[in-house]
Amino acid sequence: MTGGMLNSVAELQAFVNDHERTHVVGRRSKTALHQVDPDTMLADMSGMRGITEYQPQEYTLTVRAGTRVSEIQAELRKEGQYLPFDPLLPNHASIGGTVACNLSGSRRHRYGGIRDFILGAQVVDGLGRAFRVGGKVVKNAAGFDLSKFLVGSMGKYAIMTDLTFKVFPDAPDYQGLRLQYETLDDALNAVFHCNRSAHELDVLDFAPCDRGWSLLAGLAGFQDTLPQRAKQFVATMRAESALLDATEAEDNASLRDPLGGLTDDFLAKVVISPRQIPSFDARVHEMQRRYSAGGNIAWLATHDIDALKKILEAEHLPGMVLRGAIDRPLIGKNIESPLAARVKRVLDPHNKLL
Amino acid sequence: MNRSFFEALQKIYPDNRLLTRDVELLPYESDALTAFQTKPGAVALPVSEDEIIDTVRLCHRMKVPFVARGSGTSLSGGSLPIADGLMIGLNRLNHIKKIDPEQRIAVVEPGVVNLHITEAVRQYGLYYAPDPSSQSVCTIGGNIAFNSGGAHCLKYGMTSNHVLGMKVVLADGTVTQFGSESIEGVGIGPDLVGLFVGSEGLFGIALEITLRLMPAPQLYRTVMAAYDNLGRAGDTVSMVVASGLLPGAMEIMDRLAIKAAEASVGAGYPLDAEALLIVELEGEALQVEAEFAELRGVIEESGAFEIHEANSEDERARIWKGRKGAFSAVGRLSPDYIVQDGVVPRSRLGEALVKIGEFKAKYQLDVANVFHAGDGNLHPLILYNGREPGALEKAEALAGEILAMCVDLGGSITGEHGIGMEKREYLPTMFSPVELEIMQDLRRAIDPEEIANRGKMFPGGEAPALQMHGMHPLERQGVISRE
Ligand SMILES: Cc1cc2nc3c(=O)[nH]c(=O)nc-3n(C[C@H](O)[C@H](O)[C@H](O)COP(=O)(O)OP(=O)(O)OC[C@H]3O[C@@H](n4cnc5c(N)ncnc54)[C@H](O)[C@@H]3O)c2cc1C
């Protein structure tokens, strides 16, 4: 497998035009996604990096696709702002890869995922054409919204070279909370209870632990209101059986890292809804796992990827493998769609982008 | 209308749901962009998903163009019929099929009225966030076509951000489903929901939609500040943003709009102000109170000559009533008017307003400004008298200059009303020839016969002659008002 490091849009266009098959890689943080056959050329985007436009007062940011996420976060932090979809693997992933794989962390619970914050993109398609999709302002209703389509598109329709996002001011302080429940049902009921309350949580995850299930919640806001808000929250959580553990600042970051304890060979993202969890969890109870964003994303680690594939198929859930050696990273429910196929026909009729 | 097509339609619809007589077709001849009027060949009123699917397949097979219609409140001519084509009226598919308060989702048919969702879920402490001013009438299907927004979009986004899944029939009759009940929506694979929303009815018809619901805020805190010039109100918006606050809404009205709104609803607006800024915070009570203290500090430093905080839900409602009714109120001052919808980067609002002032002088027409300042979405309202020869053309020319300015300043020709018929010729000012070609190819890949909403969005094609501008009939009756 060979490839080239691309430094400009023009180089990328030439690369796509010159090769039969192109597979795009960012910073290769998700190993499972790059298992392509030897004839496929790798277009390495890690040379296209840097913030090209940042206007804090507009809440907009434009950045080259190969930029490492942590670099962007550092720049935003200087202005007290952040990417509310909470990109995953910030120290390793490129922003282009993050969008292409649609990987949001636990804080997406508050304001939404990548699709809710992408405004536009510059792309090169399978015909080598360079063009823009979407806009650069926070509101725009002109034309088809291909920028949202690119979220999760895994480089198969067009390669993003730069991306424009909506960004938000970050709250000055954050408070992580851990509540303890005996069973999954109790934890799920607690989540449902949160969903029907007016508490505005930044994070709402749950995962099995030694003593049953931990509910990991996060509140963001002003320092002087957080203790009181946390108290009110816990008070409404039917928390007799719960143990409050208001973690320290260093702990907060690890508490809200959804991939923290997931060390097994294969790592997968599964799109799920809270009501689907009981039946699913009964089948994966031996795997490392965490349910994120109020039980709307499952993160799983396992050494037995075939077992996970079968379970996802049986439960009609779509999954994507991020880590581990596997031929096809998309597992479980088939997500092929006639609408996506039409877009492919237009943007990459010769099936060059893999 | 082709005879065999009509006979085939009769097999799907009983007579009382297949309208053909002139008097029956009249209400469907235009939408809220009353400048355009066309008579459809027939109007079909399906009551089920299957009827819609059969109808679209029939249209595809016989190459008959169709237009889906919700409530016909489009301000860009999006639901204008196609001459001799079929109009598919979706108002009867108005069932909320499922509400799951614990997962915070609702599954609805396309003809469900926007506000009815909030009314149905209020008992669970939830609401449906996108709030176009027409929300008491407009449908989710129409909202999807235009990715509609409202005054509260900055924080929680537009329609697209609240659709998790959908079942659609594409224009060639293919029925497909994407997304899920997960808050991630599609989550894995390209975001097809995001692509379909905002496609202006050109891809097909949304049959069933899964929506995300939001918890109703515990507390709203609303403040109104009066300024002696528009620039200062605009600067205050920048100051609020710089302070790190994230308000749910930030709205500005100019003198003409203030006066009209005050005369019409008595909102308590200061009549001597050149500009009025409304800022609203929403959320958990403790947090909102703390934020409001900070906001108060910013506003006090902003050079406002009068500051008024809403101290009760009644007062808040009155402030919003004035704001939401401002356009209809201005409209009543003039026989005819055009509502424009454009976006500029927020930090260039001041510049944009100065330019609009210059256009006013150049064309000698009155323009009132009401806008979603938080996201730079301008809604200038151009007043004219259609009976004066050349007045409409002058107003159109002024509107065109405003759109060109929006593009020059790095913004957009539409923030929420869409391209429709109205802005087709402006699309090339925002997109390159390659980009336009790709969008057209995409449309044809989905709809080879170009039957869905033919003639809309893309430049060219035949446009019926402009006739007049004015209020939507429901506005005249005071049922809805526009932003
Ligand atoms: C007084 C007034 C105030 C307004 N305020 C706002 C505002 O604040 N914000 C805003 O964004 N807009 C506003 N609008 C514009 C308008 O209300 C919105 O565009 C609304 O979404 C249209 O909904 P509708 O049901 O009336 O759709 P229609 O006008 O009937 O149709 C609009 C488009 O949707 C398509 N369509 C309808 N149903 C479907 C379906 N099921 N699947 C696919 N396509 C479909 C139609 O073909 C058409 O192209 C306002 C309009 C008026 C008259």
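Just so we're clear, the structure is a prediction, and the values are computed from it rather than from any experiment. Labels below follow one simple rule: chain letters A, B, ... track the order of the sequence lines, proteins then strands, and each chain is numbered from 1. All heavy atoms count here, side chains included; hydrogens, waters and symmetry mates do not.
- Residue with the most contacts toward chain A among B/Tyr156, B/Tyr124, B/Phe146: B/Tyr156 (heavy-atom pairs, distance under 4.5 Å).
- B/Lys98 meets the side chain to side chain donor-acceptor pair (under 3.5 Å) test with B/Glu181; sequence neighbours excluded.
- Using a 4.0 Å cut-off between charged nitrogen and carboxylate oxygen, B/Glu435 and A/Arg132 do not count as a salt-bridge pair.
- Using modelled atom types, no side-chain atom of A/Arg196 and backbone atom of B/Gly125 make a donor-acceptor pair closer than 3.5 Å.
- For A/Pro274, the parts lying under 4.5 angstrom from a heavy atom of chain B are both the backbone and the side chain.
- Between chain B and the residues A/Tyr157, A/Tyr111, A/Tyr59, the largest count of heavy-atom pairs under 4.5 Å involves A/Tyr59.
- In this structure, chain A has no heavy atom under 4.5 Å from any part of B/Gln440.
- Annotation: the span from A/Ser273 atom OG to B/Ile105 atom CD1 amounts to 7.0 Å, rounded to 0.5 Å.
- A donor-acceptor pair under 3.5 Å links the side-chain atoms of A/Glu58 to the main chain of B/Ser347, judged by distance alone.
- Here the side chain of A/Asn296 pairs no donor or acceptor atom with the backbone of B/Glu184 at under 3.5 angstrom.
- Contacts with chain A were tallied for B/Gly283, B/Gly342, B/Gly410, B/Gly374; B/Gly283 has the most, counting heavy-atom pairs under 4.5 Å.
- Heavy atoms of A/Leu330 lying under 4.5 Å from chain B belong exclusively to its side chain.
- Residues B/Gly150 and A/Lys139 come closest through the heavy atom pair O-NZ, 3.8 Å.
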Check your understanding: Is there a side-chain contact (heavy atoms from CB on, under 4.5 Å) between A/Val343 and B/Leu442 once you walk through the steps?
Key -> CA-CA 6 Å; A/Val343 183; B/Leu442 186 56; 3.7 Å; yes

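- Remark: B/Lys155 NZ to A/Phe168 CZ distance equals 8.5 Å, nearest 0.5 Å.
- Heavy atoms only, all atoms of each residue included: A/Pro169 and B/Leu245 are closest at CG-O, 3.9 Å.
- In this structure, the side chain of A/Asn195 does not engage the main chain of B/Gln103 through any donor-acceptor pair within 3.5 Å.
- By the side-chain contact (heavy atoms from CB on, under 4.5 Å) test, B/Ser199 is found to be paired with A/Phe144, B/Phe196, B/Phe203, residues two or more places apart in sequence or in another chain being considered.
- Contact count against chain A (heavy-atom pairs under 4.5 Å) is highest for B/Ser412 among B/Gly244, B/Gly198, B/Ser412, B/Gly157.
- When the candidates B/Glu291, B/Lys423, B/Glu200, B/Arg444 are compared by the number of heavy-atom contacts under 4.5 Å with chain A, B/Glu291 comes out ahead.
- Looking at B/Leu170, only its side chain comes within 4.5 Å of chain A, counting heavy atoms on both sides.
- Heavy atoms closer than 4.5 Å to chain B are found in the side chain of A/Arg129, but not in its backbone.
- The backbone N or O of B/Gly187 sits less than 3.5 Å from a side-chain atom of A/Lys269, completing a donor-acceptor pair.
- For A/Arg342 and B/Asp172, the salt-bridge test passes: some basic side-chain N is under 4.0 Å from an acidic carboxylate O.
- Between A/Ala142 and B/Met430, the shortest heavy-atom contact is CB-SD, 3.8 Å.
- In this structure, chain B has a heavy atom under 4.5 Å from the side chain of A/Leu347, while its backbone stays farther away.
- Although no hydrogens or angles enter the test, the distance criterion places a donor-acceptor pair under 3.5 Å between the side chain of A/Lys166 and the main chain of B/Leu154.
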